[in-house]
A.B. asks: 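What follows is a single structure, and I will ask about it in a moment.
What you are looking at is a predicted structure, and each value in this text was computed from that prediction instead of being measured. In listed order, ligands and their atoms are each counted from 1.
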Amino acid sequence: MIIEKAEVIVTSPDRNFVTLKLTTDDGLTGLGDATLNGRELAVVSYLKDHVAPLLIGKDAHRIEDTWQFLYRSAYWRRGPVTMAAIAAVDVALWDIKAKAAGMPLYQLLGGASRNGILAYGHASGRDVPELLDSIAHHREQGYRAIRVQTAVPGVKAVYGVAAQPQTSGKRYDYEPAGRGASPMEEDWDTRAYLRHLPGVFEEVRGAVGPELPLLHDGHHRMTPIQAAKLGKELEPYDLFWLEDCTPAENQEALRLVRQHTTTPLAIGEIFNTVWDYQTLIREQLIDYVRSAVTHTGGITQMKKILDFAAQYQIKSGIHGPTDISPVGMAAALHLDLAIHNFGIQEYMQHGELTNRVFQQSFTFEDGLLHPGDKPGIGVDLDVDEAGKYPYQTAYLPYNRLLDGTVHDW
Ligand code: EZ4
Ligand code: CO
């Protein structure tokens with residue numbers, strides 16, 4: 001099983017996706033997602049110019065060795081571009097190995113530890129009635145856990161809040177990356193947010209009752225003491241988790257937050273390796289690991305992080321926004337099904353054009369995802385369809401405070 005071909009496919013059906021396709025001399029193909037929202041072409045170059053030539057002629061079965069080779073031989077290790085590129089190779093090789101074995105990937109990871117994968121969807125509203133409609137719409141679709149994001153009075157555009165009402169029949173389509181030559185500027189006021197949010201959760205919890213798991217994403221915007229205050233104030237509403245309450249690069253910040261609140265904490269969607277979690281896991285400062293398979297070195301590195309986390313009763317909460325392609329989602333689902341310390345899986349739904357490019361065998365029924373039982377990861381890419389949607393420049397937005405200071409977005 002020698003790697004004969006390594007192609008990088010860029011397509012922009014509803015948004016930009018980067019996919020690595022490996023082909024072996026026995027004619028097996030494997031796919032890996034390498035999409036890094038807003039910086040896609042950096043990973044394309046990393047793969048095309050620096051990785052693909054090194055893969056040709058290598059044994060496709062040697063996944064661990066290839067991972068270590070790519071990680072260590074670059075010398076310049078870690079970082080989102082490098083780790084997304086390595087992830088794409090890793091997932092493509094797992095796809096090939098599972099196809100060679102004639103099994104869905106989760107069987108190679110130890111087999112199913114559960115029947116289905118609890119997923120959470122994204123509800124949002126510009127006011128409470130719109131938010132309650134959005135929650136009701138998600139429950140109609142089967143979601144058994146829901147992330148709640150709300151607009152803040154006085155702030156024009158807030159992360160996670162769709163500009164259109166989320167009425168029945170329409171899929172949730174909040175997509176932060178805007179196509180265009182430069183990033184959109186948004187405004188932010190942390191004090192206004194902190195004043196507003198607990199009241200919204202009071203109303204939502206009152207309306208949905210005690211059972212439904214509710215989540216919230218702070219998107220890196222608070223200082224440690226602000227996050228501690230929010231965590232404490234949200235305790236009566238029994239959150240499943242508070243995500244990214246402080247900027248993710250400072251692991252020590254979570255120590256302070258943890259001292260003040262029992263609201264469960266989740267972090268890690270911008271992390272790339274186990275090293276980003278070292279303090280957080282060892283000191284039990286978080287409850288959920290938020291990394292994406294796509295941005296964290298693939299199945300091989302994620303399995304190591306989650307096994308480390310398991311020793312401390314820390315669970316998975318794998319990142320699954322629409323900027324993770326169906327290939328990256330499928331890889332996550334195989335891991336979710338196999339590991340013991342599964343927590344929850346984020347699941348925004350891809351748009352119609354994306355689903356035409358990527359044929360998927362994973363399912364979503366009664367709020368539970370399943371990767372399906374096709375050999376490999378279970379996703380095919382229609383190259384002709386992909387070719388209809390050329391890359392379009394797109395950027396994530398960024399934030400300024402009322403006085404013009406750039407703030408974490
Ligand atoms: O903003 O993936 O929990 N989910 C998130 C995402 C991120 C995007 C950035 O590309 O925070 O919506
Ligand atoms: Co997030």
Side-chain angles (χ1 to χ4, degrees), residues 12 14-18 33-43 80-81 83-84 87 119-124 134 138 143 145-150 157-163 166 171-179 183-184 186 188 193 197 213-222 227 230 239-249 254 264-272 276 286-296 316-326 328-329 332 343-351 354 392-399 407-409:
S12 192
D14 300 292
R15 41 153 309 100
N16 292 318
F17 294 112
V18 178
D33 178 24
T35 308
L36 186 62
N37 205 3
R39 293 292 185 272
E40 296 89 353
L41 300 184
V43 192
V81 176
M83 298 313 292
Y120 74 90
H122 288 194
S124 73
S134 172
H138 278 82
Y143 282 104
I146 295 177
R147 190 185 85 162
V148 170
Q149 303 295 129
T150 169
V158 177
Y159 164 78
V161 181
Q166 301 300 294
R171 75 175 254 287
Y172 169 82
D173 65 352
Y174 172 75
E175 165 47 54
R179 287 172 169 173
M184 291 269 292
E186 294 182 351
W188 183 246
Y193 163 75
L197 191 67
L214 298 174
L215 302 85
H216 179 72
D217 192 344
H219 229 254
H220 323 273
R221 291 169 187 214
M222 287 166 273
L230 181 66
L239 263 62
F240 186 95
W241 78 35
L242 174 61
E243 174 185 347
D244 285 338
C245 59
T246 50
E249 57 269 51
L254 276 296
L265 302 174
I267 205 160
E269 70 184 37
I270 68 164
F271 290 176
N272 316 120
D276 298 321
I286 56 169
D287 301 281
Y288 295 93
V289 163
R290 282 290 286 138
S291 276
V293 173
T294 300
H295 299 141
T296 316
S316 70
I318 298 181
H319 196 212
T322 47
D323 48 282
I324 300 298
S325 86
M329 265 305 288
I344 200 165
Q345 171 66 52
E346 183 178 27
Y347 182 47
M348 288 169 78
Q349 296 176 26
H350 285 112
T354 301
Q392 293 190 31
T393 304
Y395 285 98
L396 284 165
Y398 81 110
N399 256 335
H407 189 67
D408 294 287
W409 178 76

A.B. asks: Near the Co ion (ligand 2), which protein N/O/S atoms are found at less than 2.8 Å?
C.D. replies: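 Those protein N, O or S atoms (cut-off: under 2.8 Å from the Co ion (ligand 2)) are D217 OD2, E243 OE2, E269 OE1.
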A.B. asks: Please walk me through it: do V18 and L36 pass side chain to side chain contact (heavy atoms under 4.5 Å, CB included)?
C.D. replies: CA-CA 8 Å; V18 178; L36 186 62; over 6 Å; no
A.B. asks: Would you please indicate yes or no on a ring centroid separation below 6.0 angstrom for F17 and H350?
C.D. replies: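 When the ring centroids of H350 and F17 are compared, they turn out to be within the sub-6.0 Å range.
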A.B. asks: For E269, check salt bridge (Lys or Arg N to Asp or Glu O under 4.0 Å) against everything at least two apart and list the hits.
C.D. replies: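 If we apply the salt bridge (Lys or Arg N to Asp or Glu O under 4.0 Å) test to E269, skipping adjacent residues, the hits are R290.
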A.B. asks: Compare all side-chain heavy atoms of Q149 with those of H216 and state whether any distance is below 4.5 angstrom.
C.D. replies: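 Yes, their side chains come closer than 4.5 Å.
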A.B. asks: Tell me whether the rings of W409 and Y159 are parallel (<30°), tilted (30 to 60°) or perpendicular (>60°).
C.D. replies: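 Ring orientation of W409 relative to Y159: perpendicular.
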A.B. asks: Could you work out, with salt bridge (Lys or Arg N to Asp or Glu O under 4.0 Å) as the rule, every residue matching R221, not counting sequence neighbours?
C.D. replies: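 Applying salt bridge (Lys or Arg N to Asp or Glu O under 4.0 Å) to R221 gives none.
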A.B. asks: Begin from the C-alpha positions of E346 and H122 and carry the test side chain to side chain donor-acceptor pair (under 3.5 Å) through to its verdict.
C.D. replies: CA-CA 9 Å; E346 183 178 27; H122 288 194; 2.6 Å; yes
A.B. asks: Would you tell me whether T35 and R15 have side-chain atoms, one donor and one acceptor, within less than 3.5 Å of each other?
C.D. replies: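 T35 vs R15: no donor-acceptor pair found between side chains.
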A.B. asks: Anything under 3.5 Å between an N or O on ligand 1 and a protein N or O? List each pair with its distance, or write none.
C.D. replies:
residue  : atom   : partner : partner atom : Å
ligand 1 : 1 (O)  : H219    : NE2          : 2.8
ligand 1 : 2 (O)  : D323    : OD1          : 2.8
ligand 1 : 2 (O)  : D323    : OD2          : 3.1
ligand 1 : 3 (O)  : R147    : NH1          : 3.4
ligand 1 : 3 (O)  : D217    : OD2          : 3.1
ligand 1 : 3 (O)  : E243    : OE2          : 3.0
ligand 1 : 3 (O)  : E269    : OE1          : 3.0
ligand 1 : 3 (O)  : R290    : NH2          : 3.0
ligand 1 : 3 (O)  : E346    : OE2          : 3.2
ligand 1 : 4 (N)  : Y159    : OH           : 3.4
ligand 1 : 4 (N)  : E269    : OE1          : 3.2
ligand 1 : 4 (N)  : H319    : NE2          : 3.3
ligand 1 : 4 (N)  : E346    : OE2          : 3.3
ligand 1 : 10 (O) : N37     : ND2          : 2.8
ligand 1 : 10 (O) : D323    : OD1          : 3.4
ligand 1 : 10 (O) : D323    : OD2          : 3.1
ligand 1 : 11 (O) : Y159    : OH           : 2.9
ligand 1 : 11 (O) : D217    : OD2          : 3.0
ligand 1 : 11 (O) : H219    : NE2          : 3.0
ligand 1 : 11 (O) : E269    : OE1          : 2.9
ligand 1 : 11 (O) : E269    : OE2          : 2.8
ligand 1 : 12 (O) : Y159    : OH           : 2.6

A.B. asks: Determine whether I324 and H295 make a side-chain contact, defined as any pair of heavy atoms from C-beta on separated by less than 4.5 Å.
C.D. replies: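 Yes, at least one pair of side-chain atoms sits under 4.5 Å.
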